[in-house]
Structures are given as C-alpha cells and as structure tokens.
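As structure tokens, the structure follows; a few thoughts come after it.
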Amino acid sequence: MPEPIIFYDIPGKNVSLKGWSPNTWKTRYCLNFKGLPYKTIWVEYPDIEAVMRKVGILPVETKEDGSPYYTLPAIYDPKTKTGLAESAAIARYLDKTYPDTPRLIPEETDALHAAFNKAFLTTFSPHLRKLTIPLVAKHLPPRSEVYFRKTREADWGVAHLDDIAPPGPKRDEAWAGVKKGLGVIAGWLEADGTDKLFFTGKDKIVYADITLAAYLIWARITLDQSYWTDLVTWHGGRWGRFMAAFEEYEAVDEGEDAIL
C-alpha cells in the first residue's frame, strides 16, 4: 500500500472544529474528492514557518519587508518526494501526478480557473472575511489565537478584531455584501439561462466549485447558526443544495500534531 500524502493543516481548538480554514479546506476537499490516502499534520500558526523549513517546502511569496512568507495548506508526497504549498498549485500537482483520479482543473479550463480565482476574491471573499475573521480567533488554540489576533489586527488596522464588523450597521452591511456576492456567483452559474449547480455542469465538480465550497464551509463553521440558516435560503436554496453535494468529501482524519 502506498504511503499516504502528508497534508499540513491549521487546527481549531476542539475535535468538531479542528478543520476550519477555507484555504486548507480547498486541499482537503481535493484529496477527499480524488480519493487519495493522506494523513493530516496539524500545525499551529506560530509554527508554520519552522515546520515548512524543516520539511523543505518553499514559501509561497515574499512579505513587504522582503522576508519569505510561509503559509498553509501544504503537502508532502512520498511517492514523488515532492513538497509544495498553495491550494491551486497543489490541485494542479494532484491532477498531473494522479491522472487516474477525477480531474480538478480540466486542461481547457486552466486559464478560466485562474481568472475565476481573481474574480472570486474580489466579489465574495472580502465581505465574508469581515464577519469570519473576528470569530476565527475564538476557535483557535491559545498559542494560535494570540498569533492570529496580533497579525490580523495589524493587517486590518484595528485595535481589536471585533472592531472590523461590530454589531449594527457595519455587520449588517457585511452580511448584505455576502448575499450580493453570492448573487453575482449565482448569475455566473445561470449565465446561459440554465440552472447549473456547478460551474461546468449539473453533476461535475471542479476546482472552482471546491473553492466556493471551502469558503461556505468556513461560514458554516464559524458564523452563528442563524447566519447559515439564512444563507441556505438565498437564491432559491441553491447554496444548501450546493453544500449537500460536498458532504461526502468533508471527512477530517484525526491526524497528529506537528513536531518541531
């Protein structure tokens, strides 16, 4: 039996919420969708750079000060002795290395997937992040929570994460932005006048669908249940049906904690 792929993820503080990050969910969905055996290594935020350096996985980009920026998801595949980070790069690697599994990015859609990612990050993600980022910290283990609060408060330019979208007009505006963004995406899916559930057709999941599902499961995990109950009624109940199609790919293995 082949050795499992090692999948590096960021843990929540309890079993039911251990897998929570939208970016790492993209890779977990990809692995589950392809049916590839893998094992999760849980890496707390302050340890990501040290763990990535230890296993030889390169940074994904450079910070403004010129230092390397390490982030998750990442994988190490013992079959090819390859380690890499960044969810889209991982999806392309898995397609190339395991061609007998369901393809995530069909060749003819590669450029469209790149364009989709840019559009998605400006249409939907910014509004959801205003609501989820303040709540993520509460789901993290203590060391990760301290790190997350410090770095995200600096990123957002706020004294406290709760200042991003406090109850009242700012939070209402962010939630309205989430609904509007999903309305735009629904329009993309219905562009030809038919009611498609997925981006390439009614029954074929691709990486663009996985990207959307990863953000929606993030919303489901972090937001108050009343928000999710509201969301799944939007646009004719489309998003509830959409996420129901991903339930079989939501398995989260026990894994083990990273050792420095």
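Please read these numbers as outputs of a predicted model, since none were measured by experiment. The basis for the numbers below is simple: all heavy atoms, side chains too, and nothing from hydrogens, waters or symmetry mates.
- Using a 4.5 Å cut-off between side-chain heavy atoms of Ile, Leu, Val, Met, Phe, Trp and Tyr, with links allowed through other members, I6 and Y93 fall into different hydrophobic clusters.
- Contact check for Y70 versus V60: no side-chain heavy atoms found under the 4.5 Å cut-off.
- Y8 has its side chain within reach of I57: a pair of non-hydrogen atoms, C-beta onward, lies under 4.5 Å apart.
- Between W188 and F116, the ring planes lie perpendicular to each other; the angle is over 60°, past the 30° to 60° tilted range.
- Each of I75 and V43 belongs to its own hydrophobic cluster when Ile, Leu, Val, Met, Phe, Trp and Tyr are linked at side-chain heavy-atom distances under 4.5 angstrom.
- Between Y29 and F33, the gap from one ring centroid to the other reaches at least 6.0 Å.
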Next item on the list: Using the side-chain contact (heavy atoms from CB on, under 4.5 Å) rule, take I90 and F7 through it: C-alpha gap first, then chi angles, then the decisive distance, then the call.
Entry: CA-CA 10 Å; I90 292 169; F7 168 45; over 6 Å; no

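- Checking D9 against T40 by side-chain atom types alone, no donor-acceptor pair falls below 3.5 Å.
- Hydrophobic clustering places L121 together with I105 (ILVMFWY residues linked when any side-chain heavy atoms are closer than 4.5 Å, directly or through intermediates).
- The aromatic rings of Y227 and W175 sit perpendicular, their planes meeting at an angle over 60°, well past the 30° parallel limit.
- A salt bridge links K34 with D95: the closest approach of a Lys/Arg side-chain nitrogen to an acidic carboxylate oxygen falls below 4.0 angstrom.
- Hydrophobic clustering of Ile, Leu, Val, Met, Phe, Trp and Tyr side chains at less than 4.5 Å, counting indirect connections, unites L223 with W234.
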Next item on the list: Kindly determine whether M243 and V232 satisfy side-chain contact (heavy atoms from CB on, under 4.5 Å), including the steps that lead there.
Entry: CA-CA 9 Å; M243 289 306 291; V232 296; over 6 Å; no

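- Panel note: side chain S144, backbone E44; no donor-acceptor pair is recorded below 3.5 Å.
- Note on F242: it clusters hydrophobically with L104, by side-chain heavy-atom contacts below 4.5 Å among ILVMFWY residues.
- Within the structure, the salt bridge (Lys or Arg N to Asp or Glu O under 4.0 Å) test picks out no pair touching residues 150-164 (sequence neighbours left out).
- Proximity of a side-chain donor or acceptor of T151 to a complementary backbone N or O of F148 within less than 3.5 Å is detected.
- Inter-residue side-chain proximity for I48 and I10 is flagged as met; some heavy-atom pair is nearer than 4.5 Å.
- Nearest heavy-atom pair, K18 versus W42, reported as atom, atom and distance to 0.1 Å: O-CZ3, 3.4 Å.
- Side chain of K130 to backbone of E173: no donor-acceptor contact under 3.5 angstrom is found.
- A tilted orientation is assigned to the rings of H113 and Y207, their planes being inclined by 30° to 60°.
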Please list every donor-acceptor pair under 3.5 Å in which a side-chain atom of residues 131-142 meets a protein atom from a residue at least two apart or in another chain.
residue, atom, partner, partner atom, Å
T132, OG1, L128, O, 3.0

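- S21 and N23 form no side-chain donor-acceptor contact under 3.5 Å, judged by distance and modelled atom types alone.
- Proximity of a side-chain donor or acceptor of W25 to a complementary backbone N or O of G19 within less than 3.5 Å is detected.
- Proximity of a side-chain donor or acceptor of R238 to a complementary backbone N or O of K196 within less than 3.5 Å is detected.
- Of all heavy-atom pairs spanning I210 and C30, the tightest one is CD1-SG, 4.1 Å.
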Margin query: side-chain contact (heavy atoms from CB on, under 4.5 Å) for E61 and Y69? Distances and angles first, verdict last.
Written below: CA-CA 5 Å; E61 55 188 60; Y69 177 61; 3.5 Å; yes

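- Residues L260 and A50 approach most closely at CD2-CB, 3.8 Å, considering heavy atoms.
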Next item on the list: Using the side-chain contact (heavy atoms from CB on, under 4.5 Å) rule, take Y38 and L31 through it: C-alpha gap first, then chi angles, then the decisive distance, then the call.
Entry: CA-CA 8 Å; Y38 68 92; L31 292 165; 3.7 Å; yes

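- Using modelled atom types, no side-chain atom of T123 and backbone atom of F120 make a donor-acceptor pair closer than 3.5 Å.
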